[in-house]
Protein chains: 2
Amino acid sequence: MDVFEAVAEPNRRHLIGLLAERDRTAGELVDSLPALTQPAVSRHLRVLREVGLVDVRPDGQRRIYALKPDGLQRIDTWIAPYRRFWRDHLDALQQHLENR
Amino acid sequence: MDVFEAVAEPNRRHLIGLLAERDRTAGELVDSLPALTQPAVSRHLRVLREVGLVDVRPDGQRRIYALKPDGLQRIDTWIAPYRRFWRDHLDALQQHLENR
DNA sequence: CGCTTATATACGCTCTAAGTTATAAAACTG
DNA sequence: CAGTTTTATAACTTAGAGCGTATATAAGCG
């Protein structure tokens, strides 16, 4: 499993969104996905860990999860060269609007 | 299947890369993935079409595929808010290096 | 027209991701 | 210590992705 597959799963994107706000315990993250059971969320967290998107630190009985800065950057690096496509597209549109 | 899943598959990322250079016929794209059979590539192209990442136009017997500008933008839009994470991280690193 | 070329679809197979229930492991609590 | 809380893992099931072979479809060509 790589970063791209990890991020392809909607529940995992949800978890990433929450961790972007602030660090959270596994339990908080479980509560944030009421449609899933605790083991299901735990496994999603494992995936995010394994691809380097999050970090965990123990806090007594709890595990505190944190978003890892460089994880998503790998996707951004891949997408960067393509950015000119919609930038060019937008420029063309702007020009069209300005010239009419 | 959504854009994220579409892009999670390595062969499809390969196809996107080629189409970023220039438009290509289905046949050219099939040749670009010698490990796969023609039907396999055809199905990948179908997926890319269905999620709006590419466009097709007929040219007689051939089909010419082209990258669609706004397809990947949806991923970029999702990732944009997180960009501050590694930008901040980089700033912190730079500062650290400058201050020693 | 038959024949070939180019592309898409149908079908069946295999492998794995994602979910559940049940349980383990480890730390807190009275 | 016994019981509870918190998180992770095990075992199993199911759904679907991705592949290959075979076939359909449609356009070019002699």
Side-chain angles (χ1 to χ4, degrees), chain A residues 1-19 22-68 71-72 74-75, chain B residues 1-19 22-68 71 74-75 78:
Chain A
M1 171 103 47
D2 66 3
V3 188
F4 289 93
E5 287 180 40
V7 156
E9 214 284 326
N11 293 310
R12 287 195 289 261
R13 286 203 300 279
H14 174 82
L15 295 172
I16 289 170
L18 290 176
L19 292 175
R22 63 165 184 278
D23 297 357
R24 311 212 185 219
T25 66
E28 288 181 278
L29 296 170
V30 168
D31 293 343
S32 80
L33 285 169
L36 296 189
T37 58
Q38 178 268 322
V41 178
S42 186
R43 291 201 36 171
H44 281 309
L45 290 172
R46 189 205 318 209
V47 170
L48 293 175
R49 249 184 291 134
E50 283 172 351
V51 304
L53 279 169
V54 303
D55 251 343
V56 211
R57 59 177 189 276
D59 175 36
Q61 200 177 5
R62 321 269 170 93
R63 302 282 166 138
I64 299 180
Y65 280 81
L67 197 58
K68 240 175 124 178
L72 288 170
R74 274 176 285 165
I75 294 178
Chain B
M1 169 104 48
D2 66 3
V3 188
F4 288 93
E5 288 181 38
V7 156
E9 213 286 324
N11 293 310
R12 288 196 287 262
R13 286 203 300 280
H14 174 81
L15 295 172
I16 289 171
L18 291 176
L19 292 174
R22 63 166 185 278
D23 297 357
R24 311 212 187 219
T25 65
E28 287 181 279
L29 297 170
V30 168
D31 293 344
S32 80
L33 285 168
L36 297 189
T37 59
Q38 177 268 320
V41 178
S42 186
R43 276 192 309 268
H44 282 309
L45 290 172
R46 197 221 289 228
V47 170
L48 293 176
R49 249 184 293 135
E50 284 172 351
V51 303
L53 280 169
V54 302
D55 251 343
V56 211
R57 57 178 190 275
D59 175 36
Q61 200 175 7
R62 321 271 170 91
R63 303 280 167 137
I64 300 181
Y65 281 81
L67 198 59
K68 240 174 124 177
R74 273 176 285 166
I75 295 178
W78 173 76

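The basis for the numbers below is simple: all heavy atoms, side chains too, and nothing from hydrogens, waters or symmetry mates. Throughout, protein chains are lettered first and strands after them, A, B, ... in sequence-line order, and every chain is numbered starting at 1.
- Between A:Arg74 and A:Asp2 there is no salt bridge, since no side-chain N of the basic residue sits under 4.0 Å from a carboxylate O of the acidic one.
- Within the 3.5 Å criterion, the main-chain N or O of A:Pro39 finds no donor-acceptor partner in the side chain of A:Ser42.
- Atom P of nucleotide D:dA27 and atom CD1 of B:Ile64 are separated by 15 Å, given to the nearest angstrom.
- Side-chain atoms of A:Arg49 never come within 3.5 Å of backbone atoms of A:Tyr65 as a donor-acceptor pair (strictly under, hydrogens ignored).
- At a threshold of 4.5 Å between non-hydrogen side-chain atoms, the residues A:Glu50 and A:Met1 do not count as touching.
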- What does nucleotides 15-30 of chain C look like as a protein-contact string, B for base, S for sugar-phosphate only, - for none, at under 4.0 angstrom between heavy atoms? ---SBBBB----BS--
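- Side-chain contact between A:Glu28 and A:Leu18 is absent, with no heavy atoms from C-beta onward closer than 4.5 Å.
- For the residue pair B:Arg12 and B:Glu5, the shortest heavy atom distance occurs at NH2-O, 3.3 Å.
- A straight line from CZ of A:Arg24 to P of D:dT6 spans 17 Å, rounded to a whole angstrom.
- Phosphate proximity of C:dA6 to B:Tyr65: absent, as no side-chain N or O sits under 4.0 Å from OP1 or OP2.
- Nearest to the side-chain atoms of B:Arg62 among the listed nucleotides D:dA8, C:dA6, C:dT9 stands C:dA6.
- Contact of the B:Leu33 side chain with the B:Leu15 side chain is registered, since non-hydrogen atoms from C-beta on lie closer than 4.5 Å.
- Following rounding to the nearest Å, B:Leu33 (CG) and D:dG20 (P) show an atom-to-atom distance of 11 Å.
- Counting only distance, with no hydrogens or angles, the side chain of A:Arg13 and the backbone of A:Ala8 share a donor-acceptor pair below 3.5 Å.
- Taking atom CD of residue A:Glu28 and atom C1' of nucleotide D:dT6, one finds them 13 Å apart after rounding to whole Å.
- Remark: DNA chain D takes part in the stems C:1-30 with D:1-30, each of 3 or more antiparallel Watson-Crick or G-U pairs, criterion distances under 3.5 Å.
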